[in-house]
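The structure appears below as structure tokens.
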Amino acid sequence: LNAGEGVAERLQTAMPNIIVINEARDGTTTREMLDGTDGHTKPFAQQIAESQASIIILDRGSNEAYRGIAEETFRQDLREAIDIVIDSGKRVLLLNSNLTKLASLPEGQWGSKEFQRRVDADEVIMGQVVASVARERGLKFVDVQQICQEMDEQGISYLLPDAAHPNAMLSQRVSEILILILRRRFG
């Protein structure tokens with residue numbers, strides 16, 4: 001889970017009868033997570049098999065957008081991760097990543113203007129992949145990109161000044177939705 005600062009802590013505070021462990025590794029792709037090259041020493045299948053967790057929240061797609069990973073490659077990797085979780089008898093909840101606004105920054109802060117625009121566009125595409133895989137698999141899904149759009153329409157900032165990462169307001173909203181889902185669905 002990498003939906004912003006404090007999400008895991010908010011979940012733990014709101015649901016003290018469960019144990020929340022944030023295993024996210026910043027900057028890694030789903031393929032790196034699967035292969036165990038994301039800062040963990042074990043492949044994802046082994047981590048899941050050994051984990052005491054009963055619910056796995058996957059927040060994927062942002063680093064694929066940043067690195068220019070092909071849409072179909074991401075789709076296959078996400079399906080593989082979901083299959084590993086389900087095959088282990090655990091439940092899955094999916095999140096897409098927040099929208100970015102890198103193109104709003106001066107050129108050079110995140111690379112060329114062309115790169116910044118590509119990442120912003122690919123962020124949307126990767127979010128759509130997560131949504132479509134959630135529908136295809138019948139999984140609960142939190143559309144973080146929709147939350148970003150709603151906040152934008154209300155004139156509420158949802159990003160840190162780097163135009164890429166969620167601020168406390170977005171993290172709070174995502175946390176509130178996750179808490180409701182976890183209480184209702186996984187109660």
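Starting from 1, each residue takes its place in the sequence as its number.
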Distance (rounded to the nearest 0.5 Å) between Phe74 CZ and Thr29 OG1: 9.5 Å

Spacing of Asp120 atom CG and Thr100 atom OG1 [to the nearest 0.5 Å]: 3.5 Å

Non-hydrogen atoms of Glu123 and Asn98 that approach each other most closely: CG-O, 3.2 Å

Side chain proximity check, Phe44 to Asp38, heavy atoms < 4.5 angstrom: no

Beyond-backbone contact of Leu94 with Ile82, side-chain heavy atoms, under 4.5 angstrom: yes

Close side-chain approach of Arg60 and Val133, heavy atoms under 4.5 Å: no

ILVMFWY network linking Val7 to Met169, side-chain heavy atoms under 4.5 angstrom: yes

N-O pairing of Arg75 and Glu71 below 4.0 Å: yes

Cluster link Val129 to Ile84, ILVMFWY, side chain under 4.5 Å: yes

Ion pair check, Glu136 and Arg79, cut-off under 4.0 Å: yes

Charged N-O contact under 4.0 Å between Arg10 and Glu176: no

Under 3.5 Å donor-acceptor, Lys101 side chain and Leu159 backbone: no

Connected via hydrophobic side-chain network under 4.5 Å: Val119 and Leu99: no

Which atom of Ser51 lies closest to which atom of Ala53, heavy atoms considered: OG-N, 3.0 Å

Donor-acceptor contact below 3.5 Å, side chain Trp110 vs main chain Phe115: no

Chi angles and distances behind the side-chain hydrogen bond (donor to acceptor under 3.5 Å, both in side chains) call for Gln76, Glu80: CA-CA 6 Å; Gln76 291 169 357; Glu80 183 178 338; over 6 Å; no

Residues Lys42 and Glu50 bridged, charged N to O under 4.0 Å: yes

Heavy-atom pair with the smallest gap, counting every atom of Ser175 and Leu11: O-CD2, 4.1 Å

Close side-chain approach of Asp59 to Ser97, heavy-atom, < 4.5 Å: yes

Common cluster, Ile179/Ile18, ILVMFWY with side-chain heavy-atom separation under 4.5 Å: yes

Heavy-atom neighbours of Gln52 CD exceed 12 at 6.0 Å: no

Donor-acceptor under 3.5 Å (Asn96 side chain, Asp143 main chain): no

Trace of the side-chain contact (heavy atoms from CB on, under 4.5 Å) decision for Ile147 with Val142: CA-CA 9 Å; Ile147 297 167; Val142 177; 4.3 Å; yes

Asp83 side chain near Arg137 side chain, heavy-atom distance below 4.5 Å: yes

Any side-chain donor near an acceptor of the partner, Gln149 and Gln145, under 3.5 Å: no

Shared hydrophobic cluster, Leu180 / Leu139 (ILVMFWY, side-chain heavy atoms < 4.5 Å): no

Gap separating the CZ atom of Arg91 from the OG atom of Ser54, nearest 0.5 angstrom: 6.0 Å

Ile69 backbone acceptor or donor facing Glu64 side chain under 3.5 Å: no

Contact summary for Leu102 and Ala164, nearest pair of heavy atoms: CD2-CB, 3.8 Å

Interatomic distance, Arg31 atom CZ to Thr37 atom OG1 [nearest 0.5 angstrom]: 9.0 Å

Gln116 side, atom CD; Glu114 side, atom CD - distance, nearest 0.5 Å: 11.0 Å

pair Arg67-Glu32: side-chain heavy atoms closer than 4.5 Å: yes

Backbone N/O of Gly108 and side chain of Lys113: donor-acceptor pair under 3.5 Å: no

Non-hydrogen side-chain atoms of Leu95 and Leu178 separated by less than 4.5 Å: yes

Minimum side-chain heavy-atom gap Ser157-Asn167 below 4.5 Å: yes

Spacing of Leu34 atom CG and Ile48 atom CD1 [to the nearest 0.5 Å]: 10.0 Å

